[in-house]
Novice: 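If you scroll down you'll find the structure; I have some questions about it.
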Amino acid sequence: MRLSNYFMPVLKETPADATIASHQYMLRAGMVRQQSAGIYAWLPLGHRVLKKIEQIVREEQDKAGAVEMLMPTIQSADLWKETGRYDAYGPEMLRITDRGDREMLYGPTNEDMITDIFRSYVRSYKSLPLMLYHIQWKFRDERRPRFGVMRGREFLMKDTYSFDIDEAAARKSYYKMFVAYLNTFARLGIQAIPVKADPGPIGGDLSHEFVILAESGESGVFCHSDLLEMAAPGEVDFDSDLSDHVDKRMALYAATDEKHDEAAFAAIPKDKQMSARGIEVGHIFYFGDKYSGPMKADVMGSDGKPHTIMGGSYGIGVSRLVGAIIEASHDENGIVWPKSVAPFGVGIINLKSDNEDTNAVCETLYSQLSKAGVDPLYDDSSDRGGVKFSRMDLIGLPFAVTVGPRGIKEGVIEVKNRATGERQSLTPDAAAKFLISEFTS
RNA sequence: CGGAGUGUAGCGCAGUCUGGUAGCGCACUAAGCUGGGGGCUUAGGGGUCGUAGGUUCGAAUCCUAUCACUCCGACCA
């Protein structure tokens, strides 16, 4: 992409409304625009990141055997009355009526609808286990939206629902998602810790939050520091026994402040005690027959008798992750994107846009990188160098290449690593080769 | 939902207390000088002061209502 053809309205000054780094940088980098309290328009740069995160989440769900679909944002109140949640959910649910005065709602979650879909098609235990997911916008009318996209009212969420014949089978599904989440967050470039959680209003008795540590986190987290060292499982056979991956993590103490047990925490060796702030980026629940019971979602078992299915739901806050990743990865100059979610791979800075030599080098590099799929952003504007440098630092692409007349005279251009600050002078060809290798390993 | 604030140009703000016909910086437009970390000069354009009433000869400024947004708390992907 050429900057001259793009729409990336960066701000020099920090908007007064934003108080935390991720919100400030998202506004300054022109990623989002607030349209209403907790409701954002995703501008091109932010949209790219959102889609990258979404795609990684999708790929990891697919690997775990979940099947993608798409349910509507607007739901009829009927199903919610059937499960009793229409009254239970309270004012957080946005209720609307259509022209026929029928009660509708903008979905805050989809357990009721997916259970309805399930019960209308699935008749036999032979169709199980089944995991269905979608990535769809949700609306929860929060009392107090804040922190930009981290606590919006409208947000993009991946929600998976599992259906199993009994509790033992349901636990396997739970473990699959547990492992899928570890892999997902690792690919997103963040260290997420599974923490025992309160099942909350969704109900159930097996529940974990996945939190990443960041100073601006909304909850306190206490855990065994080994949890931060464990590598994600990576490529695994999801039909195999996953309990090793899960159990060794569950064995270590980890809790948010509301479930914190001082005595259990004190039992951790002193040098392994970790207490910090955390951002919840995922939450998984096993809730048994909470929905399948009242909605009569049952299948015929091998014993010839109907069995109420045992369910779970598994959420990842996709739009929240955009902010959360920035919270976990930024410096005083701006965002530092992990490679996997960066909106572009490499920034190309042409220091003198009216110079034939620098233009030629930039054009060649731009075309080489584009062909290799590195997705460069070429700053071909006539702004001064300083403006280009600081803008590039702000939007946080993994690498920035500086092409200027001074370097060209010596046959070199400069490649800077955004995360480490390390700079190297290379010939244009060597730079292209280096950058392409960085993104194809 | 309790408490505290803020709405003046695209962004950041001053002006409000003490009423007199709206200003600064950045950004934007034009020209020129510049050119390796947010440059300089000159000349421009842009605002029914959140909205609606009221008081007054006169309201950004005082009064009333209302809307929106932010922050702190209690709650949440």
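All values derive from a computational prediction rather than experimental measurement. Naming convention: chains lettered A, B, ... in sequence-line order (proteins, then strands); numbering from 1 in each chain.
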Novice: Below 30° counts as parallel, above 60° as perpendicular, anything between as tilted: where do the rings of A:Phe434 and A:Phe399 land?
Specialist: perpendicular
Novice: Using the C1' atoms only, state how far B:C26 lies from B:C62, rounded to an integer number of Å.
Specialist: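 To the nearest whole Å, 33 Å.
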Novice: For B:U6, give its Watson-Crick or G-U wobble partner with both distances under 3.5 Å, or none.
Specialist: B:A68
Novice: Using a cut-off of strictly less than 4.0 Å between a heavy atom of the residue and any atom of RNA chain B, enumerate the qualifying residues of residues 376-388 of chain A by number.
Specialist: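 Contacts with RNA chain B under 4.0 Å: A:Ser382, A:Arg384, A:Gly386, A:Val387.
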Novice: B:G36 base stacked by A:Phe389? Criteria: ring centres under 5.5 Å, plane angle under 30°.
Specialist: no
Novice: The side chain of A:Pro15 lies closest to which of these nucleotides: B:A77, B:C26, B:G12?
Specialist: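 Nearest listed nucleotide: B:G12.
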Novice: Provide the Watson-Crick or G-U wobble partner of B:U41, both distances under 3.5 Å; none if there is no partner.
Specialist: B:A31
Novice: Within the 4.0 Å heavy-atom criterion, would you say A:Pro405 contacts the bases, only the backbone, or no part of the nucleic acid?
Specialist: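 Base, at least one base heavy atom under 4.0 Å.
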Novice: Assign A:Arg391 to base, sugar-phosphate, or nothing according to its heavy-atom contacts below 4.0 angstrom with the strands shown.
Specialist: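 It contacts nothing in the nucleic acid.
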Novice: Nearest nucleotide by nearest heavy atom, which residue falls closer to the 5' end of RNA chain B, A:Gly282 or A:Val412?
Specialist: A:Val412
Novice: Quick one: do A:Phe178 and A:Phe210 satisfy ring pair (Phe, Tyr, Trp, His ring centres under 6.0 Å)? Show the steps, please.
Specialist: CA-CA 9 Å; A:Phe178 194 107; A:Phe210 286 77; 5.4 Å; yes
Novice: Which one is paired to B:G58, where only Watson-Crick or G-U wobble pairs with both distances under 3.5 angstrom count?
Specialist: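 The answer is none; no pair meets the criterion.
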Novice: Quick one: look up who B:G12 pairs with, Watson-Crick or G-U, both distances under 3.5 Å, and put none if it's unpaired.
Specialist: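 When the pairing criteria are applied, B:C24 turns out to be the nucleotide that pairs with B:G12.
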Novice: Name the nucleic acid region contacted by A:Thr402, choosing base, sugar-phosphate or nothing; use a 4.0 angstrom heavy-atom cut-off, strictly under.
Specialist: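 Counting heavy atoms under 4.0 Å across all strands, the contact made by A:Thr402 includes a base.
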Novice: If the C1' atom of B:U64 is compared with that of B:A43, how far apart are they to the nearest Å?
Specialist: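 These two C1' atoms come out 46 Å apart once rounded.
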Novice: Should A:Arg28 and A:Glu13 count as an ion pair when the cut-off is N to O under 4.0 Å?
Specialist: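 Looking at A:Glu13 together with A:Arg28, the answer is no, because their closest N to O distance does not fall below 4.0 Å.
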Novice: Are A:Leu182 and A:Arg249 close enough, and set up right, to give a side-chain contact (heavy atoms from CB on, under 4.5 Å), and what steps lead you there?
Specialist: CA-CA 11 Å; A:Leu182 293 171; A:Arg249 288 179 167 83; 3.6 Å; yes
Novice: Please work out if A:Asp159 contacts a base, only the sugar-phosphate, or nothing of the nucleic acid, heavy-atom cut-off 4.0 Å.
Specialist: nothing
Novice: Heavy atoms under 4.0 Å, any strand shown: does A:Gly90 hit a base, just sugar-phosphate, or nothing?
Specialist: nothing
Novice: A:Asp354 side chain: which of B:C72, B:G35, B:C69 is closest?
Specialist: B:G35
Novice: Please measure how far the C1' atom in B:C63 lies from the corresponding atom in B:U16, and state the result in whole Å.
Specialist: 14 Å
Novice: Counting heavy atoms from C-beta on, name the nucleotide in B:G36, B:G37, B:G12 closest to the side chain of A:Leu351.
Specialist: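 Of the candidates, B:G36 comes closest.
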Novice: Relative to the 5' end of RNA chain B, which residue comes earlier, A:Arg406 or A:Gly317, by the nucleotide with the nearest heavy atom?
Specialist: A:Arg406
Novice: Check every strand shown and say whether A:Leu11 touches a base, only sugar-phosphate, or nothing at a heavy-atom separation below 4.0 Å.
Specialist: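 A:Leu11: no heavy atom of the nucleic acid under 4.0 Å.
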Novice: With a 4.0 Å cut-off on heavy atoms, is A:Gln34 in touch with a base, just the backbone sugar-phosphate, or nothing at all?
Specialist: sugar-phosphate
Novice: Below 4.0 angstrom, which residues in residues 416-435 of chain A have at least one non-hydrogen atom near RNA chain B?
Specialist: A:Lys416, A:Arg423
Novice: Is there a Watson-Crick or G-U wobble partner for B:G53 with both distances under 3.5 Å, and which nucleotide is it?
Specialist: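 Here B:G53 is engaged in a pair, and the nucleotide opposite it is B:C63.
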Novice: Keeping the roles fixed (side chain from A:Lys352, backbone from A:Asn359), state whether a donor-acceptor pair exists under 3.5 Å.
Specialist: no
Novice: Under a 3.5 Å cut-off for both contacts, is B:A74 paired Watson-Crick or G-U wobble with anything, and if yes, with which nucleotide?
Specialist: none
Novice: Once you apply a heavy-atom cut-off of 4.0 Å, does A:Asn333 come out as touching a base, just sugar-phosphate, or nothing?
Specialist: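 Nothing, no nucleic acid heavy atom in range.
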Novice: Nearest to the side chain of A:Arg143 - B:G38, B:C1, B:C69?
Specialist: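 Between B:G38, B:C1, B:C69, the one nearest the side chain of A:Arg143 would be B:C1.
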Novice: What nucleic acid atoms does A:Arg153 come within less than 4.0 Å of, heavy atoms only: base, sugar-phosphate, or nothing?
Specialist: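 Result for A:Arg153 = nothing.
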Novice: I need the minimum non-hydrogen distance between A:Leu50 and A:Ser319, along with the two atoms involved.
Specialist: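 Closest heavy-atom pair between A:Leu50 and A:Ser319: CD1-CA, 3.7 Å.
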Novice: The side chain of A:Glu13 lies closest to which of these nucleotides: B:A77, B:C75, B:G12?
Specialist: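 Nearest listed nucleotide: B:G12.
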